[in-house]
Undergrad: 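Below is the structure I would like to discuss, written out as structure tokens.
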Amino acid sequence: MNRKNIYINLMVKALLRTIAIILFMATPSMSIGQSNPDQPDTPTPEAARLYADGQAALASENFEQAALNFSQSCNLGYSAACVDAGRILLDHLPSTANDTKARGQFVRGCILRNGNACRGLAPLMQRGVGGPVDKDGALNIYKMLCEANAVDGCALHAILIANKLSAATDDSSRNAIYSLARTSYFKACDLGAADACVDAGAYAAEGRGGAKDGALAVKYSQQACEGGEIKGCANMGVFAREGFGMATDNGIAKSYFSKACDGGVAIACSNLGTLWMDEAATAKTKTTAFVLAVIAFEKACKGNDPMGCSNLATAYYKGDGIAKSYPSAMQFAQKACELDYANGCYTQAVMYYTGEGVTQDIFKFRIWATRACDKGHAQACTNIGMFYLHGKGGFVRDVQKAGQLLKQGCDGGYQRACSELANLEPSRE
């Protein structure tokens, strides 16, 4: 059974040019101090009056007046008004001109060290709303927020850093990006962002940006799972099954896979089904384990997990945990193949070769076996190679082609291919 282990106006232009200097000359703790509700900035009497007028206008849904009052209060140095002005302009008065005004309000609020204003500004810079695209500027804002222990800043900083991977041209650049992302994902998770914990666990498990660390992988994936991030549960299942960072325990693995499967992670359903199949191989009473495996594979295939579809096809083919049905086996093998899973293509090939549930068709066998081989199925490559070697099944004898295919099979770990290739070499010399 196969296993799989498992994103202006001149004033605003001037503000944009100076924002990095002003923001990052400040210490991290000071740079977003005003985002702390226990430390609100204090407006001047006139700014407070304008802000109160804006709140009254907002309550009566007079958005234009509210935006005007908040903008005037913002211009008098009240950063909270900058945030409200920006949000109203974006959410209630959408237009290209107001996008520009909103971005300007967030810029001013961010310069006034209001964390929420910086949060509003960064995505606009990232997407080029209300002004030019400035991904590096957005990245710097998220970095500043993260350094001030703002959990969302760390998570978004990590995501933007990771997005730079596509532009990396060498291993050194990629490793540097991974290292920065790893640090931010770890910090975001430590600050309580369950979604960041999923990535933190994966970085630790795969050794991205640092050494592989089973203990950290388990720690962060466990936090993700407990925080409602189902992918964290799926990863915990893998760790428990493989004994990575924790003791091997298939019972615990099944519990995690089951939770993730119920949460809609299709690959977790496949892994759950595989464990039930493994149990059935040694259980005295196999029926229950086979049935539970099939249920899991059905959920996996419904979620378009190709391994689940392939294993479901095998179950129908053999009659394990479900009534034997060659048409159903062919149906799910075909879906697995369409989902780019080599074993599904090979199952189709075998059924066309043997004529089980379908009319025997050597030409179709050749098509699906070749597709399976092209997707890396070592046994498929070997069998096609043998047909070429002996000139059977409609294949014209071609010893050179046979040797190439047998080498693919051998390189893929299929021992028979290695043996046949060894026998073939002397005859080719």
Side-chain angles (χ1 to χ4, degrees), residues 8-26 30-37 40-145 148 150 152-153 156-157 160:
I8 296 182
N9 57 41
L10 293 175
M11 178 182 175
V12 172
K13 285 183 178 179
L15 286 168
L16 283 171
R17 285 195 299 268
T18 60
I19 185 169
I21 297 172
I22 296 174
L23 284 175
F24 303 121
M25 283 177 64
M30 286 296 293
S31 61
I32 62 164
Q34 301 300 344
S35 69
N36 186 338
D41 49 347
T42 302
T44 64
E46 180 62 12
R49 182 189 67 77
L50 288 166
Y51 188 76
D53 289 346
Q55 288 180 310
L58 181 60
S60 62
E61 297 188 358
N62 186 344
F63 299 120
E64 290 186 358
Q65 186 61 50
L68 177 61
N69 291 142
F70 287 142
S71 295
Q72 291 172 332
S73 180
C74 171
N75 291 338
L76 291 175
Y78 187 34
S79 69
C82 303
V83 176
D84 290 339
R87 287 173 176 167
I88 290 173
L89 289 164
L90 288 175
D91 297 341
H92 299 289
L93 301 170
S95 70
T96 301
N98 283 344
D99 287 348
T100 300
K101 291 177 183 178
R103 182 161 168 165
Q105 295 297 301
F106 287 135
V107 167
R108 184 164 181 79
C110 193
I111 289 174
L112 292 170
R113 302 168 184 169
N114 185 299
N116 288 326
C118 296
R119 290 181 177 90
L121 174 61
L124 301 186
M125 297 172 74
Q126 185 180 342
R127 302 195 307 270
V129 175
V133 172
D134 187 356
K135 294 183 179 179
D136 287 337
L139 188 64
N140 285 334
I141 289 176
Y142 291 136
K143 178 182 179 182
M144 175 194 69
L145 291 167
D152 55 341
L156 292 168
H157 181 257
L160 258 66

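None of the values given here were measured: they were computed from a predicted structure. Positions are given from 1 along the sequence.
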Undergrad: Which atoms form the tightest heavy-atom contact between Gly77 and Arg108, and what is the distance?
TA: N-NH2, 4.2 Å
Undergrad: Enumerate donor-acceptor pairs with a distance under 3.5 Å from any side-chain N or O in residues 51-61 to protein atoms, sequence neighbours excluded.
TA:
residue: Tyr51; atom: OH; partner: Asp84; partner atom: OD2; Å: 2.5
residue: Asp53; atom: OD2; partner: Arg49; partner atom: NH1; Å: 2.9
residue: Ser60; atom: OG; partner: Ala56; partner atom: O; Å: 3.4
residue: Ser60; atom: OG; partner: Ala57; partner atom: O; Å: 3.0

Undergrad: Is there a side-chain contact between Leu139 and His157, using heavy atoms and a 4.5 Å cut-off?
TA: yes
Undergrad: Output all residues satisfying salt bridge (charged side-chain N to carboxylate O under 4.0 Å, His left out) with Asp99, sequence neighbours left out; order by chain, then residue number.
TA: none
Undergrad: Do the side chains of Leu124 and Leu90 get nearer than 4.5 Å, heavy atoms only?
TA: yes
Undergrad: Considering non-hydrogen atoms only, spot the tightest contact between Val83 and Phe106 and give its length.
TA: O-CE2, 3.7 Å
Undergrad: If you apply the rule side chain to side chain contact (heavy atoms under 4.5 Å, CB included), what do you find for Glu64 with Leu93, and how did you get there?
TA: CA-CA 7 Å; Glu64 290 186 358; Leu93 301 170; 3.8 Å; yes
Undergrad: Roughly how far, to the nearest 0.5 Å, is CG of Asn114 from CG of Leu121?
TA: 11.5 Å
Undergrad: To the closest 0.5 Å, what do you measure between OG (Ser79) and CZ (Arg113)?
TA: 11.0 Å
Undergrad: Evaluate the criterion side chain to side chain contact (heavy atoms under 4.5 Å, CB included) for residue pair Ile88 and Gln105; output intermediate values, then yes/no.
TA: CA-CA 11 Å; Ile88 290 173; Gln105 295 297 301; over 6 Å; no
Undergrad: Answer yes or no: is there a donor N or O on one side and an acceptor on the other, between the side chain of Ser73 and the main chain of Asn69, under 3.5 Å?
TA: no
Undergrad: Checking the side chain of Asn75 only, and the main-chain atoms of Ser71 only, is there a donor and an acceptor separated by less than 3.5 Å?
TA: yes
Undergrad: So Cys118 and Met144, side chain to side chain contact (heavy atoms under 4.5 Å, CB included) or not? Walk me through it.
TA: CA-CA 9 Å; Cys118 296; Met144 175 194 69; 3.6 Å; yes
Undergrad: Side chain to side chain contact (heavy atoms under 4.5 Å, CB included) between Arg103 and Met125: does it pass, once the steps are laid out?
TA: CA-CA 8 Å; Arg103 182 161 168 165; Met125 297 172 74; 3.7 Å; yes
Undergrad: Do you know which two heavy atoms are closest between Leu50 and Gln72, and how far apart they sit?
TA: CD2-OE1, 3.3 Å
Undergrad: Measuring from atom CG of Asp136 to atom CG of Leu160, what distance do you get when rounded to the nearest 0.5 angstrom?
TA: 9.0 Å
Undergrad: Could you tell me which residues satisfy side chain to side chain donor-acceptor pair (under 3.5 Å) with Asn62, sequence neighbours excluded, listed by chain and number?
TA: none
Undergrad: What is the distance from atom CD of Gln65 to atom CZ of Phe70, rounded to the nearest 0.5 Å?
TA: 10.5 Å
Undergrad: Sorted by first residue and then second, give each ring-ring contact (aromatic ring centres under 6.0 Å, His included) pair with at least one member in residues 82-102; sequence neighbours left out.
TA: Phe63-His92
Undergrad: For residues 43-101, which residue pairs qualify under disulfide (SG to SG under 2.5 Å), counting only residues two or more places apart or in two chains?
TA: Cys74-Cys82
